[in-house]
Amino acid sequence: MSGLRLNKRVKDHYMKLPQGGKVLVTYVWKNVPSEELQCKTRTLDYEPKSIEDIPEWGFGFHLQPEDPISDMYLIPVKMFKDPFFLDPNKLVLCEAMKSNGQPAENNLRHSCKNVMEAARDHHPWFGMEQEYILIDINGLPYGWTEDSFSTPEVTHHCGVGADKVYGRDIMEAHYKACLYAGIKIWGSNAEIIPSQWEFQVGPCKGIDVGDHLVMARFILHRVCEDFGVVATLDPKPVPEFWADSGCHVNYSTEDMRSEGGLKHIEDAIENLSKRHDYHISKYDPTGGKDNARRLIGYLVTSKIHQFSSGIDDRCASIRIPIHVWQQGYGYLEDRRPAATCDPYAVIEALVRTTVLKETGSETNVYEKS
């Protein structure tokens with residue numbers, strides 16, 4: 001990893017220059033088989049007031065240097081304020097589409113959108129808890145030395161103090177940037193080891209949680225660029241060490257949130273128990289290989305090949321929060337998704353199994369109505 005750090009004070013002079021009435025729009029999209037994002041920026045002669053005001057944009061794409069370059073198109077789907085260039089400049093989330101009008105292979109939003117439309121009368125809501133670890137230029141967790149790995153396994157969840165948390169400035173900068181952009185960020189906290197953090201997005205209706213989480217991830221990576229560190233979503237960034245990162249999802253339908261909803265939550269858990277392998281295959285971008293390093297039945301994780309559920313059980317696949325059980329309605333927490341998960345794949349799988357009542361490994365095709 002490069003040790004090059006740019007002088008941000010030099011950049012400040014240029015960032016304050018007037019734009020001559022122009023607006024910068026940064027297009028953000030995902031088109032690789034991992035959690036990584038891409039972006040590029042263009043100039044508009046006007047300030048877009050809605051997503052319809054932002055034009056489509058073409059780009060050339062290939063996964064490997066030896067692959068032929070394919071023409072793709074970026075279709076704007078969600079607009080946010082830009083916390084880096086500031087208003088009136090914009091960030092815009094896009095879907096990557098092939099030149100024939102079909103979604104790119106790694107555009108999982110397109111299918112998710114159709115599934116959410118099929119389940120619209122059930123009003124699914126989601127909240128996602130994104131964990132990440134800050135990595136320094138030496139390749140170690142931020143603030144760590146080689147000796148840090150020999151220290152006892154002491155958790156610092158929600159810790160305070162320079163000896164317990166590293167990188168709070170980065171977390172707080174990300175939090176404020178998300179609020180400025182219009183991200184539905186719900187909260188943030190220190191996680192179990194120094195340099196590990198979590199932020200929560202939601203509650204959001206349907207596909208919105210995916211849109212807001214993806215843009216929150218983009219903002220996180222851009223903030224980390226400014227601080228000269230890397231935010232890794234790897235579920236197990238330090239091999240054989242005890243720290244891991246997940247992306248728990250809180251999920252409910254209107255029936256679950258209504259009086260007597262606990263019965264509907266239990267029915268959903270029963271359906272999920274019969275489709276465990278399918279969900280594991282959708283909960284990280286490697287079909288379960290990432291989670292195999294994380295879901296080991298230790299340190300508040302379940303076992304990857306064994307479905308489990310329980311009331312306030314953080315070692316279960318599915319947890320019913322204690323307050324939900326006490327009041328008799330609310331939501332369930334699926335603790336299986338890896339930090340690297342594609343949020344669209346996760347929420348689509350949940351709705352397919354619990355609302356659309358799909359079984360086995362096969363999935364139905366839902367066309368846009």
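Note that the coordinates shown come from a computational prediction; the quantities given were computed from them, not determined experimentally.
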Margin query: Go through it in stages, so that I can follow the logic: the residues are V92 and I51, the test is side-chain contact (heavy atoms from CB on, under 4.5 Å), and I'd like the CA-CA distance, side-chain angles, deciding distance and then a yes or no.
Written below: CA-CA 8 Å; V92 58; I51 197 67; 3.6 Å; yes

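- Under the 4.5 Å side-chain heavy-atom criterion for ILVMFWY residues, a single connected hydrophobic cluster contains both Y132 and L37.
- A pairwise comparison of heavy atoms in I219 and I183 identifies CD1-CG1, 4.1 Å as the closest pair.
- Of the possible donor and acceptor atoms, one in the side chain of R352 sits under 3.5 Å from a partner among the backbone N and O of N364.
- Few gaps surround NZ on K357; more than 12 heavy atoms of other groups in view lie less than 6.0 Å from it.
- Shown here is Y46, whose OH atom has more than 12 heavy atoms of other residues, nucleotides or ligands within 6.0 Å.
- Of the possible donor and acceptor atoms, one in the side chain of N89 sits under 3.5 Å from a partner among the backbone N and O of L24.
- In this structure, CD1 on I192 lies 11.0 Å from CD on E198, to the nearest 0.5 angstrom.
- Atom CD1 in I269 sits 13.5 Å away from atom NE2 in H264 (nearest 0.5 Å).
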Next item on the list: Quick one: do Q200 and N250 satisfy side-chain hydrogen bond (donor to acceptor under 3.5 Å, both in side chains)? Show the steps, please.
Entry: CA-CA 10 Å; Q200 304 92 34; N250 300 295; over 6 Å; no

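- Note: I265 CD1 to D267 CG = 10.0 Å, rounded to the nearest 0.5 Å.
- A salt bridge does not link D290 to K236: none of the charged nitrogens lies less than 4.0 Å from a carboxylate oxygen.
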Next item on the list: Apply side-chain contact (heavy atoms from CB on, under 4.5 Å) to the pair V230 and I137, showing each step before the final yes or no.
Entry: CA-CA 8 Å; V230 171; I137 57 174; over 6 Å; no

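- At a cut-off of 3.5 Å, with distance as the only test, a side-chain donor of D211 or Y344 sits close to an acceptor on the other residue.
- Nearest heavy atoms, C224 versus L134: SG-CD2, 3.9 Å.
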Next item on the list: Could you check W197 against E131 for side-chain contact (heavy atoms from CB on, under 4.5 Å), going step by step and ending with a plain yes or no?
Entry: CA-CA 6 Å; W197 297 89; E131 294 177 336; over 6 Å; no

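- A 4.5 Å side-chain heavy-atom check between S195 and L140 finds every atom pair outside the cut-off.
- Between F307 and H276, the ring planes lie perpendicular to each other; the angle is over 60°, past the 30° to 60° tilted range.
- Of all heavy-atom pairs spanning P76 and P55, the tightest one is CG-O, 3.6 Å.
- Using a 4.5 Å heavy-atom threshold, the side chains of Y278 and T363 count as touching.
- Under a cut-off of 6.0 angstrom, the local environment of OH in Y73 is sparse, with at most 12 non-hydrogen atoms contributed by other residues, nucleotides or ligands.
- With hydrogens and angles left out, the side-chain atoms of T354 and Y251 include a donor and acceptor closer than 3.5 Å.
- With contacts defined as side-chain heavy-atom distances shorter than 4.5 Å, the pair H123/R257 qualifies.
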Next item on the list: Check the pair V23, F85 against side-chain contact (heavy atoms from CB on, under 4.5 Å), reporting the backbone distance first and the verdict last.
Entry: CA-CA 10 Å; V23 172; F85 286 128; over 6 Å; no

Notebook entry, point to check: Would T286 and D284 satisfy side-chain hydrogen bond (donor to acceptor under 3.5 Å, both in side chains), going step by step from the backbone distance to the final call?
Noted result: CA-CA 6 Å; T286 60; D284 72 52; 2.6 Å; yes

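- Distance alone, capped at 3.5 Å, places no donor-acceptor pair between the N271 side chain and the A268 backbone.
- Residue R293 holds its CZ atom at 13.0 Å from OG1 of T301, rounded to the nearest 0.5 Å.
- From S302, atom OG reaches atom NE2 of H305 across 11.0 Å, with rounding to the nearest 0.5 Å.
- Nearest approach of D313 to R335, heavy atoms of both residues: O-CD, 4.3 Å.
- Taking the side chain as every heavy atom from C-beta outward, K303 and I296 never approach each other to under 4.5 Å.
- Between F80 and H212, the distance from one ring center to the other falls under 6.0 angstrom.
- V223 is connected to I135 through a chain of hydrophobic side-chain contacts under 4.5 Å among Ile, Leu, Val, Met, Phe, Trp and Tyr, so both are in one cluster.
- Between I75 and M97, some side-chain heavy-atom pair lies under the 4.5 Å cut-off.
- Closest of all the heavy-atom pairs between C247 and C341 is CB-SG, 3.8 Å.
- A continuous path of hydrophobic side-chain contacts links V229 to F199 [ILVMFWY only; heavy atoms under 4.5 Å].
- When all heavy atoms are compared, the tightest approach of G58 to K40 is O-NZ, 2.9 Å.
- Linking ILVMFWY side-chain heavy atoms closer than 4.5 Å, directly or via other members, places L220 and V165 in a single hydrophobic cluster.
- Put simply, the side chain of R120 gets close to the backbone of E117: a donor and an acceptor are under 3.5 Å apart.
- Between the side chain of D82 and the backbone N or O of F84 there is at least one donor-acceptor pair closer than 3.5 Å.
- No chain of hydrophobic side-chain contacts below 4.5 Å, direct or via other Ile, Leu, Val, Met, Phe, Trp or Tyr residues, connects Y329 to L332.
- Pairs passing the side chain to side chain donor-acceptor pair (under 3.5 Å) check and including a residue from residues 171-186, sequence neighbours excluded, do not occur.
- Aromatic ring centroids of H323 and Y331 lie under 6.0 Å apart.
- In this structure, the separation between CG on L93 and CE on M215 is 5.0 Å, given to the nearest 0.5 Å.
- Taking the side chain as every heavy atom from C-beta outward, W29 and E95 never approach each other to under 4.5 Å.
- In the model, Y283 has a side-chain atom that pairs as donor or acceptor with a side-chain atom of D334 under 3.5 Å.
- Between D342 and the choices K30, R109, K282, the salt bridge (charged side-chain N to carboxylate O under 4.0 Å, His left out) rule is met once, by K30.
- Put simply, the side chain of D244 never gets that close to the backbone of P235: no donor and acceptor are under 3.5 Å apart.
- With a 4.5 Å cut-off on side-chain heavy atoms, V160 and R168 count as touching.
- With respect to T353, the side-chain hydrogen bond (donor to acceptor under 3.5 Å, both in side chains) criterion is satisfied by exactly one of R275, E358, E348: R275.
- Two residues are said to be in side-chain contact when any heavy atoms from C-beta on lie closer than 4.5 Å; Q196 and S245 meet this criterion.
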